[in-house]
Visitor: 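One structure, as structure tokens, below. Some questions next.
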Amino acid sequence: NAGVTQTPKFQVLKTGQSMTLQCAQDMNHEYMSWYRQDPGMGLRLIHYSVGAGITDQGEVPNGYNVSRSTTEDFPLRLLSAAPSQTSVYFCASSLQAPYPDTQYFGPGTRLTVL
Amino acid sequence: AQSVSQHNHHVILSEAASLELGCNYSYGGTVNLFWYVQYPGQHLQLLLKYFSGDPLVKGIKGFEAEFIKSKFSFNLRKPSVQWSDTAEYFCAVLGEKLTFGTGTRLTIIP
């Protein structure tokens, strides 16, 4: 098992550009989520999904979209990047839904918005 | 509202010292509790978790944590730290939702 994979590892964007952060898991987990990690603020939940076709907003959803067309994939879209979105983004998955059990984290994507 | 507090932002210890990192939460119902660790340049991984039963939970690498319901606490402990324990530690609470603390950076001096 590869676990949770994320691409790209690093990305630099200009303000206003859009892009998609990819996340995939091969553990047949129902629950998937996106977090951003900022210094002194820990991890904050952006969006989550309890299964294919079902998504919901987390703590900081503004400026981000998600979709879950398959169990394996959970891409995060930045619609119009802003410097405030400079952060490290982690995707995580968990076997259970709707209440997440142990989270398995991907390696992260470090995003810089200029 | 549910919240998690980690009061120690940065802890510096010498090797072989004992460690205790604080985690307090606010939530009136049943909770599941987690400690995650993030080594430099790596992603988060689970250290230990509490769901039910014995409130003293043992995890990997000699870590343990004790759930004290009356104090709404789930402090992480290790009797003797090593240089390789240098990392950031996150407490997380699953009540109505999964909430992470802001993390504690642990630096071990050889």
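Per chain, numbering begins at 1; letters A, B, ... match sequence-line order. Computed from heavy atoms alone, side chains included, the values below leave out hydrogens, waters and symmetry copies. Predicted model, so just to flag it, every value in this text is computed and none were measured.
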Visitor: Measuring from atom OH of Tyr89(A) to atom CG of Leu43(A), what distance do you get when rounded to the nearest 0.5 angstrom?
Guide: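 Answer for the OH-CG pair, Tyr89(A) versus Leu43(A), is 12.5 Å.
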Visitor: Report which part of Leu44(B) has an atom under 4.5 Å of a heavy atom belonging to chain A: side chain, backbone, both, or neither.
Guide: both
Visitor: Between Asn75(B) and Gly22(B), which heavy-atom pair has the shortest distance, and what is it?
Guide: OD1-CA, 3.3 Å
Visitor: Are Phe34(B) and Phe51(B) an aromatic pair, judged by ring center distance below 6.0 Å?
Guide: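 Centroid separation for Phe51(B) and Phe34(B): below 6.0 Å.
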Visitor: Rounded to the nearest 0.5 Å, what separation is found between the CD1 atom of Ile60(B) and the CD atom of Gln45(B)?
Guide: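 Reported value, rounded in 0.5 Å steps: 5.5 Å.
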Visitor: Under a 4.5 Å cutoff for heavy-atom pairs, which residue among Gln37(A), Gln6(A), Met41(A) has the most contacts with chain B?
Guide: Gln37(A)
Visitor: Give, as side chain, backbone, both or neither, the part of Tyr35(A) having an atom under 4.5 angstrom from any heavy atom of chain B.
Guide: side chain
Visitor: Counting heavy-atom pairs under 4.5 Å to chain A, which of Gln6(B), Gln38(B), Glu88(B) comes out on top?
Guide: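 Sorted descending by pairs with chain A, the first entry is Gln38(B).
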